[in-house]
Participant: 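Please see the structure below; I have some questions.
Every number for a ligand or one of its atoms is a count from 1 in the order of the listing. Just the heavy atoms: all of them, side chains too, but no hydrogens, waters or symmetry mates, feed the values below.
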Amino acid sequence: MPSVAFLGLGAIGRPMAARLAHAPGVTLTVWNRSADKARTFGREHGARVAVTPAEAAAAAEVVITCFPVSADVESLLEGTDGLLAGMKQATTLVDCTSGDPTTSRRIAARLAERGIGFLDAPVSGGTSGAEQGTLTVMVGGEPALLDRVRPALEPFARKIVHCGAVGAGDALKAVNNALLAVHLWSTAEGLAALTKAGVSPAVALDVINASSGRSNASMNLFPDRVLTRAFPRTFRLALLDKDVGIAAGVAREQKVPTPLLQLTADLFRVAHNALGDEVDHVEAVKVVEQWAGREIA
Ligand code: NDP
């Protein structure tokens with residue numbers, strides 16, 4: 001089992017790191033920008049706490065990062081406190097950020113100059129999947145590197161899939177989340193219209209979830225979070241806006257006409273601007289409700 005450093009103890013990073021902390025044989029060092037969160041984590045889970053990214057990286061054969069965007073990873077590479085100051089040759093940076101392929105390829109090239117490997121390895125399954133160790137990890141990069149770091153991913157993953165060259169994991173993750181966004185928005189529109197037409201949204205979901213219009217949004221998110229008005233904060237709308245934007249960008253780069261993806265990127269930018277940085281992704285539904293003049297309840 002390799003020694004592991006985990007940087008970025010956010011909503012999903014924290015439970016992923018906790019799985020590693022409690023996995024047999026793992027030596028874990030953590031770092032977080034807000035140091036109090038790292039200290040609390042270290043106390044609760046018995047992990048070593050590093051003061052700088054360089055110190056965390058120096059202690060590890062596998063360095064895992066999980067930040068909002070790829071640019072955050074890139075900004076931590078250089079400088080005396082940066083990852084490159086700590087990472088040794090033949091170690092690997094596994095970036096679990098839902099990143100963008102272009103920046104990931106640039107990071108991989110920079111690390112390769114130092115003989116350090118890079119894998120983009122975004123995850124899906126949400127914070128509950130991270131807590132239970134059932135995430136799906138989609139990996140871009142050299143298959144041999146993935147084989148080497150796999151034991152460091154298994155404590156939080158049920159499925160680890162090699163998707164292609166560096167950037168392939170990021171591209172696939174962005175498209176997956178764009179589909180989530182499409183389902184969330186289109187289900188909200190349909191249910192808002194039905195509610196105004198006098199059909200209870202609970203009845204509508206009962207039928208849709210036994211029919212061909214169902215999705216994770218209709219089967220889980222609407223019953224558990226919208227109809228209950230619970231809207232728990234597990235995955236920020238700002239991050240879904242970012243993901244749909246990446247998917248729309250990948251499609252544009254490939255010159256594939258994708259009017260629905262481009263529109264969805266715009267709709268989630270509108271919702272993010274209207275609702276702010278801290279709300280949950282499911283709260284985008286509130287924009288549709290506002291347009292309808294009626295709650296889906
Ligand atoms: P959060 O916003 O909850 O946490 C972000 C983490 O990154 C915090 O530890 C934060 O530190 C740190 N951070 C932010 N900016 C910087 C920076 N410039 N330099 C150093 N550290 C920084 O995000 P999540 O944990 O929800 O998401 C992380 C990634 O995982 C994202 O790419 C997201 O899209 C993806 N993801 C999230 C899922 C979820 O359910 N939440 C599901 C699947 C993927 P600080 O504590 O100091 O603010």
Participant: Is any side-chain heavy atom of L76 less than 4.5 Å from a side-chain heavy atom of W31?
Facilitator: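 Contact flag for L76/W31 side chains = yes.
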Participant: What are the distances between nitrogen or oxygen atoms of ligand 1 and protein nitrogen or oxygen atoms, counting only those under 3.5 Å?
Facilitator:
from	atom 1	to	atom 2	distance (Å)
ligand 1	2 (O)	R236	NE	3.2
ligand 1	2 (O)	R236	NH2	3.0
ligand 1	3 (O)	A11	N	2.9
ligand 1	9 (O)	L9	N	3.2
ligand 1	9 (O)	G10	N	3.3
ligand 1	9 (O)	N32	OD1	2.7
ligand 1	15 (N)	R33	NH1	3.4
ligand 1	18 (N)	D72	OD1	3.2
ligand 1	25 (O)	A11	N	3.0
ligand 1	25 (O)	I12	N	3.0
ligand 1	32 (O)	F67	O	3.1
ligand 1	32 (O)	P68	O	2.9
ligand 1	32 (O)	S98	N	3.0
ligand 1	32 (O)	K242	NZ	3.1
ligand 1	34 (O)	K242	NZ	2.9
ligand 1	40 (O)	T234	O	3.4
ligand 1	41 (N)	T234	O	2.8
ligand 1	46 (O)	N32	ND2	2.9
ligand 1	46 (O)	K37	NZ	2.6
ligand 1	47 (O)	R33	NE	3.1
ligand 1	47 (O)	S34	N	3.0
ligand 1	47 (O)	S34	OG	2.5
ligand 1	48 (O)	R33	NH2	3.0

Participant: May I ask you to check whether Q132 and R158 show a side-chain donor-acceptor distance below 3.5 Å?
Facilitator: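 On atom types as modelled, these side chains do not qualify, holding no pair under 3.5 Å.
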Participant: Closer than 4.0 angstrom, basic N to acidic O: yes or no for R225 and D280?
Facilitator: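 Between D280 and R225 there is a salt bridge, with a charged N closer than 4.0 Å to a carboxylate O.
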Participant: Applying ring-ring contact (aromatic ring centres under 6.0 Å, His included) to W185 and F268, what does each step give before you reach the verdict?
Facilitator: CA-CA 9 Å; W185 199 279; F268 276 78; 5.4 Å; yes
Participant: Enumerate the residue pairs fulfilling salt bridge (Lys or Arg N to Asp or Glu O under 4.0 Å) with a member in residues 45-69, sequence neighbours excluded, ordered by first and then second residue.
Facilitator: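 Salt bridge (Lys or Arg N to Asp or Glu O under 4.0 Å) check on residues 45-69 returns R48-E55.
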Participant: Please find the pair of heavy atoms, one from T92 and one from F118, that lie closest to each other, and give the distance.
Facilitator: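 Smallest heavy-atom distance, with atoms named: CG2-N, 4.4 Å.
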